Amino acid sequence: MKFNAKKFIENVKQKNPNEPEFIQAALEIVLSLEDFLNADPIYLEHKILERIIEPERTIIFRVPWVDDKGETQVNRGFRVQYNSAIGPYKGGLRFHPTVNLSILKFLGFEQIFKNSLTGLPLGGGKGGSDFDPHGKSDAEVMRFAQSFMSELYKYIGPNIDVPAGDIGVGAREIGFLYGQYKKLTNDFSGVLTGKGLAWGGSNIRSEATGYGAVYFAEEMLKNTNDELTGKSILISGSGNVAQFAAEKAIHLGAKVLSMSDSSGTIYDKDGLTPEKLDFIKTLKNIKRGRIKEAADEYGLEFLAGKKPWALKADAAFPCATQNEISGEDAKLLIQNGVKLVVEGANMPSSLEAIEIFQNNKILFAPGKAANAGGVAVSGLEMSQNSLRLSWTREEVDEKLKILMKEIHNKIVEHGKKDNHIDYIRGANIAGFKRVADSMIAQGFV
Ligand code: NDP
């Protein structure tokens, strides 16, 4: 029995037409597993790949709500419960107009491997809606969230499926979703993560994805006798992940040259200071404004409609969204001196960009490794909820650091190739093995 990744993917394409993002994510993972699968027939005999590629369950539902003008609006809600071999389904909810089944299946599929890498008992899932929170009042967001949860609550639970935030779902949305869950079930339990500190949330959960990405970058650099201190870095996005990647990078002495949103990029040649970053946090999290306002406030350059990838720097942290680095962008980054790329976002690099990074021996960390700190601290939030206690900031931060180091070690073990570490291969094999072995142990279910 021999596994042919290209043939396998052709079949996946036929079965899932119109799902380009899902096919992209599947291709990256399956191609990198080919040698590994052929070296050990047990995974082929148990048809692990054929099974893991299919979500265990996909729920699609109508979400009607009433806007401030009294008009009824209808959105589509989703939850993809992808794989529960190693724990309850776990993964964020995304509210963004581009959300569809392809996007959520790519995110859910990636999540299986990411969650496995954390070493915690977390299965893979993802969900969301094509609802756009931009420009909506708090009351509209609340009515939408309540309607969304009025259906979703039937399918989730602290030992079944534990959603969290993602693009467009931050502290405000998690609050409204949790309130409605509690009202419907009369149950105060850890069914969502990213909760407020006063009502069951964990210290460091907001910071975890961004901080974790920087801790991971430090491990990668340490492995090549280098460090982040003194490096100039480009960050895209100005949401949750970008803000805390910037915060930790500045704290460690790196120079953060850029942040962005969907309207453009701000460029600070001197490097953002903690004060400027605080302004951006308030602008984005409370005032819900556009990034240009930060450029106006501090006299920074604003590159309207542009991404940061044409700027000179040592490292890039894409922290906005999928496919934000094209092949052309990858070439530009390399020309401009970038030697390290750390994916804070999920699948921000296109397949073409990844090939270019790998051919040029760029130190490249895929999202499923570099941004695993978010779900790892979500796992710690679940543990604290079950134990009915709460760990200090210092305790959770220390656990996060250790988790990111352990993820790095696992990847190095499986990704060593001559004198180089292939972080994609290492992450996919290490993530796959734990889930696959658990699926074999549990039989054909
Ligand atoms: P937020 O909603 O907090 O921020 C998203 C940021 O990305 C905003 O600056 C937004 O700009 C920008 N953005 C979103 N869509 C686009 C687009 N199509 N084009 C250009 N810019 C865009 O989300 P998060 O920070 O939580 O998530 C960012 C990425 O990190 C996502 O890929 C997510 O899946 C991933 N991630 C998040 C985790 C978490 O814990 N939050 C965990 C692991 C991964 P604008 O405001 O203009 O829309």
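Every number for a ligand or one of its atoms is a count from 1 in the order of the listing. Quick note: residue numbers are just sequence positions, from 1. Keep in mind that this is a model prediction, so the values were computed, not measured.
Rounded to the nearest 0.5 angstrom, Ile233 CD1 and Leu228 CG are separated by 5.5 Å. In this structure, the separation between CG on Leu221 and CZ on Phe216 is 11.0 Å, given to the nearest 0.5 Å.
Side-chain contact between Glu140 and Gln73: absent, with no pair of heavy atoms (C-beta onward) separated by less than 4.5 Å. Leu234 is not listed as a side-chain neighbour of Thr265, based on a closest heavy-atom distance of 4.5 Å or more. Residues Leu277 and Met259 have side chains in contact (heavy-atom distance under 4.5 Å, counting atoms from C-beta outward). Considering only heavy atoms from C-beta on, Ile204 stays 4.5 Å or farther from Ser202 through its side chain.
Not a single heavy atom of Gln322 sits less than 4.0 Å from an atom of ligand 1. Ligand 1 has at least one atom lying under 4.0 Å from a heavy atom of Ser238. At least one heavy atom of Arg94 sits less than 4.0 Å from an atom of ligand 1. Look at Ser260 and you'll find a heavy atom under 4.0 Å from some atom of ligand 1. In this structure, His134 is part of the shell of residues with a heavy atom less than 4.0 angstrom from ligand 1.
Of all atoms in ligand 1, numbered sequentially from 1 with element shown, those under 4.0 Å from a heavy atom of Gly237 are 9 (O). Close approach of ligand 1 to Arg290 (heavy-atom distance below 4.0 Å) involves ligand atoms 46 (O), 47 (O). For ligand 1, the atoms lying closer than 4.0 Å to a non-hydrogen atom of His96 are 15 (N). Each of the atoms 40 (O) of ligand 1 lies under 4.0 Å from some heavy atom of Arg205.
Between the side chains of Asn115 and Thr118, not a single donor N or O lies within less than 3.5 Å of an accepting N or O. Under 3.5 Å, the side chains of Asp397 and Tyr215 contain a donor-acceptor pair of N or O atoms. Using modelled atom types and a 3.5 Å distance limit, the side chains of Ser129 and Asn75 yield no donor-acceptor pair. Neither side chain, Asn240 nor Lys284, offers a donor N or O lying under 3.5 Å from an acceptor on the other.
With hydrogens left out, the protein atom closest to atom 45 (P) of ligand 1 is Ser262 OG, 3.6 Å, a heavy atom. At the top of the distance list for atom 23 (O) of ligand 1, counting protein heavy atoms only, stands Ile167 CA, 3.4 Å. Distance from atom 3 (O) of ligand 1 to its nearest protein heavy atom, with residue and atom name: Asn240 N, 2.9 Å. Here the heavy atom of the protein found nearest to atom 24 (P) of ligand 1 is Val241 CG2, 3.9 Å. Considering only non-hydrogen protein atoms, atom 35 (C) of ligand 1 sits nearest to Asn346 ND2, 3.7 Å. When only non-hydrogen protein atoms are considered, atom 40 (O) of ligand 1 lies nearest to Thr209 OG1, 2.7 Å. Among protein heavy atoms, the minimum distance from atom 19 (N) of ligand 1 is reached at Thr321 CG2, 3.9 Å. Among protein heavy atoms, atom 12 (C) of ligand 1 sits closest to Ala320 CB, 3.9 Å.
No close placement of the Phe148 and Phe78 rings is indicated, their centers lying 6.0 Å or farther apart.
Remark: ligand 1 and Lys126 share no N or O pair separated by less than 3.5 Å (distance only, no angle test). Between Asn371 and ligand 1, no pair of N/O atoms sits closer than 3.5 Å.
Of the listed residues (Ile103, Ile280, Asp166), the one carrying the non-hydrogen atom nearest atom 33 (C) of ligand 1 is Asp166. With atom 2 (O) of ligand 1 as the reference point, the heavy atom nearest to it among Gly168, Gly92, Gly239 is part of Gly168.
Within the 4.0 Å heavy-atom criterion, the part of Cys319 lying near ligand 1 is the backbone and not the side chain.
Shown here, atom 10 (C) of ligand 1 is out of close reach of the protein: none of its heavy atoms lies under 4.0 Å off.
Taking the centre and axis of the six-membered ring of Tyr267, the NZ or CZ atom of Lys306 falls outside the cone set by 45° and 6.0 Å. Note that Lys248 lies in the cation-pi zone of Tyr211, set by a 6.0 Å cut-off to the ring centre and a 45° limit from the axis.
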Applying side chain to side chain contact (heavy atoms under 4.5 Å, CB included), run through Glu173 and Phe95 and close with a yes or a no.
CA-CA 9 Å; Glu173 289 75 17; Phe95 292 169; 4.2 Å; yes
